[in-house]
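What follows is a set of notes on a single structure, which appears directly below.
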Amino acid sequence: AIAQLGLRRVDRAVELAKQALEKDARCVDAINALGAIAYDKKDYEGARQHYLQSTAIDPQRSFSAWHRLGVIYKKEGKTTRAIEAFEAARNSYPRYVGPDNPHHELAELYADLEPPQMDKALNVWRDAVKINSEDAEAALKGLKLAIKMKDYKAAVEFAQAHIEIDPYAGEVHQLAGKAFEELKNLAKAAREFGVAVAVNDKDVESWVGLARAQRDLKRREQALKAVERALEVDATNADAKSLLNQLK
């Protein structure tokens, strides 16, 4: 049945899956094959029934059943059930990196809860980066969430993970600069803001951050240069104007 399904011979696959179930009504693979056929036909209720049956028989057996249940529940706006299904899916197969990645889905679903469970969302992004060190999207979203939560140590971890994947993302260096600034590591803050403006010399926010870091490091001339560059890009920037007045 599974082979026929792979060949897109759906009618034959259904016939064989039913034969398997006549021999063993608890055959998880056959139930999941019928679930996959229903899912592909967008018969989500039929798919749900098959997947609920298979996961009830053996909760650890099928990643695809839990995964697709998560997708179905998310479509229906059933956030708690979607979370339960995606958690079971990633427990079954934590290294899956394809469409509807459970880690990505879970982080967003936890953030959508009322009240939002941001700590769980952050931990899921952290797990995603650990499992797939090439997941730039997880690293960036984890970084942004950590900054929003004011968890600056976590922000630095996510930034470093992203930099290992892509060292030329100016936004990541800017956010890393902010995190180091909050952690009072001014030398590293200056370094990250400096990289950010090297990548994008129109990044006013990073020029201002660099100026602040250089000022606090007692490097007045470097701070003046940075704030002047900020004002060249945006002469109306209030933070840059205030810094310039302090430095004069």
Side-chain angles (χ1 to χ4, degrees), residues 103-104 107-108 110-112 115-130 132-248:
H103 290 95
H104 291 227
E108 294 176 5
Y110 278 126
D112 286 341
Q117 295 187 18
M118 294 304 191
D119 287 341
K120 287 186 176 180
L122 192 67
N123 284 331
V124 172
W125 285 130
R126 187 178 281 114
D127 289 343
V129 172
K130 287 179 181 177
N132 179 12
S133 61
E134 298 298 313
D135 194 341
E137 181 182 354
L140 180 57
K141 288 187 175 179
L143 170 57
K144 289 182 176 179
L145 181 57
I147 291 287
K148 182 178 180 180
M149 294 173 64
K150 299 184 179 180
D151 186 341
Y152 299 112
K153 288 184 179 180
V156 167
E157 293 173 11
F158 282 113
Q160 290 173 338
H162 195 287
I163 289 166
E164 289 181 10
I165 302 166
D166 176 10
Y168 301 107
E171 180 184 19
V172 171
H173 289 287
Q174 181 197 102
L175 294 173
K178 289 180 180 178
F180 280 122
E181 187 176 14
E182 292 292 340
L183 292 169
K184 309 301 181 186
N185 192 330
L186 299 175
K188 287 187 177 180
R191 181 193 68 193
E192 294 301 326
F193 285 129
V195 175
V197 296
V199 172
N200 176 15
D201 64 0
K202 304 298 183 186
D203 182 354
V204 176
E205 195 169 346
S206 290
W207 279 119
V208 172
L210 179 58
R212 277 197 311 270
Q214 299 288 26
R215 175 200 64 191
D216 295 342
L217 287 165
K218 312 302 182 185
R219 300 170 181 168
R220 181 176 176 277
E221 291 303 317
Q222 292 95 321
L224 269 172
K225 288 179 182 178
V227 80
E228 286 168 356
R229 290 298 302 273
L231 290 167
E232 287 174 13
V233 179
D234 180 6
T236 67
N237 187 278
D239 291 334
K241 286 181 177 181
S242 176
L243 267 174
L244 183 61
N245 288 333
Q246 293 173 30
L247 292 165
K248 282 184 175 179

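Residue pairs meeting the side-chain hydrogen bond (donor to acceptor under 3.5 Å, both in side chains) criterion with at least one partner in residues 194-204, sequence neighbours excluded, are Gln174-Asp203, Asp203-Ser206. Each side-chain hydrogen bond (donor to acceptor under 3.5 Å, both in side chains) pair with one or both residues in residues 178-189, not counting sequence neighbours, appears once here: Lys178-Glu205, Glu181-Arg212.
Screening Lys141, Lys144, His103, Lys120 against Trp125 for a side chain to side chain contact (heavy atoms under 4.5 Å, CB included) leaves a single residue, Lys141.
Side-chain contact check for Trp207 versus Leu243: every heavy-atom pair is 4.5 Å or farther apart. Contact check for Leu143 versus His162: no side-chain heavy atoms found under the 4.5 Å cut-off. Side chains of Leu186 and Phe180 form no contact here, defined as non-hydrogen atoms less than 4.5 Å apart. The shortest distance between side-chain heavy atoms of Gln214 and Lys225 does not fall below 4.5 Å. Residues His173 and Tyr168 fail the side-chain proximity criterion, which asks for heavy atoms closer than 4.5 Å.
A distance of 8.5 Å separates CG in Asp234 from NZ in Lys241, rounded to the nearest 0.5 Å. Interatomic distance, Glu232 CD to Glu228 CD, rounded to the nearest 0.5 Å: 7.5 Å. A distance of 7.5 Å separates CZ of Phe158 from CG of Leu145, quoted to the nearest 0.5 Å. With rounding to the nearest 0.5 angstrom, the NZ atom of Lys248 is 10.0 Å from the CZ atom of Arg220. Interatomic distance, Leu175 CG to Glu192 CD, rounded to the nearest 0.5 Å: 10.5 Å. Rounding to the nearest 0.5 Å places CG of Leu244 at 12.5 Å from CG of Asp239.
Taking all atoms of both residues into account, the shortest heavy-atom contact from Gly194 to Val197 is O-CG2, 3.2 Å. Minimum heavy-atom separation, Val172 to Ala159: CG1-O, 3.9 Å. The minimum heavy-atom distance linking Ala154 with Leu122 is given by the pair CB-CD2, 4.2 Å. Residue Leu210 comes nearest to Ala190 through the heavy atom pair CD1-O, 3.4 Å, listed as atom of the first residue, atom of the second, then distance. Residues Ala107 and Val124 come closest through the heavy atom pair N-CG1, 4.0 Å. Heavy-atom minimum distance, Ala111 versus Pro116: O-CB, 3.4 Å.
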